[in-house]
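Remarks on the structure that follows.
Heavy atoms only: backbone and side chains are in, while hydrogens, waters and symmetry mates are out. If you read the sequence from its start, that first residue is 1, and numbering goes on from there.
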Amino acid sequence: MAGTQIEVASVSKRFGAVAALDGVSLAVEAGEFVALVGGSGSGKTTLLKTLNRLVTPDAGSVRIGGAEASGLAPHELRRRIGYVFQEIGLFPHLTVGENIAITPRLLGWDEARRAARAAELLELVALPGEVAARRPAELSGGQRQRVGVARALAAEPAIMLMDEPFGALDPLTRDALGADYRALHERLGLTTLMVTHDIAEAVLLADRIVVLNTGRIVGDGTAAELLASADPDVRDLIEAPRRQADRLHARLAG
């Protein structure tokens, strides 16, 4: 789908005395992979949650696929958007296949169609078909997160929202799953907006990085563009992986 998939215009949100978002405007085109970065409390997750109406803005507007989000019923909006988060939130009493098929079941798909979709998605996220009959507790953390991605894709959304999706995983699993998701993003033609504290992850996976600070966007561009930012804090943030790599190289060489 061509055109702007996500459009946020002058959105503000306060929680008591705290301005979580302060006049934020952002547009994400179809097929883009955008990372939201910044310190704790910068507004990243609040911004993400305004898109699927888990948070209602105090001011401004949000458009999803050209439609005003506030004009859609929350359940209708959320079926258009896949959502993956660090805690995963799989239902422990359901099998993996049943977890993946939650949204298709709500949409009224018959059992055969749901089972076929679950099998298709397990293959897509590189899990063996027999995993469908297992409970989430029988899987590793990386496997559960792959199931979380599969569940988010079950109703064939055009947009994926990801909130620290790989943050709880060990470094090797995190790197592999990030690369696999990026390949899925390309293969399925998704539009992805991902919150991450890991600047290296943002640089490696995203086409574009948006930097937030105290509820405002202070940087927006490719990693190379942000390295040339006039804002020293933005440059310092984006340079962090390079500094870390230099220190690692020095330690390993010693």
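In the displayed structure, Phe15 atom CZ is contacted under 6.0 Å by more than 12 heavy atoms of other residues, nucleotides or ligands. Crowding of Glu123 atom CD: a count of heavy atoms from other residues, nucleotides or ligands under 6.0 Å not exceeding 12. Taking a 6.0 Å sphere around CZ of Arg216, one finds it holds 12 or fewer heavy atoms contributed by other residues, nucleotides or ligands. At most 12 heavy atoms of other shown residues, nucleotides or ligands fall within 6.0 angstrom of atom CD in Gln244.
Without hydrogens or angle criteria, Asp220 side chain to Val210 main chain gives no donor-acceptor distance under 3.5 Å. Looking only at distances, no side-chain donor or acceptor of Lys44 sits under 3.5 Å from a matching main-chain atom of Leu212. The backbone N or O of Glu7 lies less than 3.5 Å from no partner atom in the side chain of Arg63, so there is not a single donor-acceptor pair. Distance alone, capped at 3.5 Å, places no donor-acceptor pair between the Thr191 side chain and the Ile159 backbone. No donor-acceptor pair under 3.5 Å is formed between the side chain of Arg174 and the backbone N or O of Leu169. Under the 3.5 Å distance criterion, the side-chain polar atoms of Ser12 are matched with a main-chain donor or acceptor of Gly23. The main-chain N or O of Gly31 is never found under 3.5 Å from a side-chain atom of Gln5 such that the two would form a donor-acceptor pair. Not a single donor-acceptor pair under 3.5 Å links the side chain of Ser42 to the backbone N or O of Thr214. When atom types are taken as modelled, the side chain of Arg151 and the backbone of Asn99 share no donor-acceptor pair closer than 3.5 angstrom. At least one donor-acceptor pair closer than 3.5 Å links the side chain of Arg135 to the backbone N or O of His93.
Val11 and Leu77 fall within a single hydrophobic cluster, where Ile, Leu, Val, Met, Phe, Trp and Tyr side chains are chained together by heavy-atom contacts under 4.5 Å. Both Leu54 and Leu48 sit in one connected hydrophobic cluster of ILVMFWY residues. Membership requires side-chain heavy atoms under 4.5 Å apart, directly or through other members. Put simply, Leu121 and Leu90 are part of the same group of oily side chains (I, L, V, M, F, W, Y) that touch within less than 4.5 Å, one to the next. Residues Leu184 and Leu204 do not share a hydrophobic cluster, clusters being chains of Ile/Leu/Val/Met/Phe/Trp/Tyr side chains in contact below 4.5 Å. Hydrophobic clustering, with ILVMFWY side chains joined whenever heavy atoms are under 4.5 angstrom apart, groups Ile64 together with Tyr83.
Shown here for Ala19 and Arg14, the closest heavy-atom pair between the two residues is CB-NH1, 3.5 Å. Residues Val62 and Glu68 come closest through the heavy atom pair O-OE2, 3.4 Å. Among all heavy-atom pairs drawn from Val37 and Ala202, the shortest one is CG1-CB, 3.8 Å.
Between Asp236 and Arg243 there is a salt bridge, with a side-chain nitrogen of the basic residue lying less than 4.0 Å from a carboxylate oxygen of the acidic one. Using a 4.0 Å cut-off between charged side-chain N and carboxylate O, Arg187 and Asp180 make no salt bridge. Salt-bridge annotation for Glu111 and Arg114: absent, with no side-chain N of the basic residue lying under 4.0 Å from a carboxylate O of the acidic one.
Between His185 and Tyr181, the angle of the ring planes lies from 30° to 60°, which puts this pair in the tilted group.
No side-chain heavy atom of Pro241 sits less than 4.5 Å from a side-chain heavy atom of Glu201.
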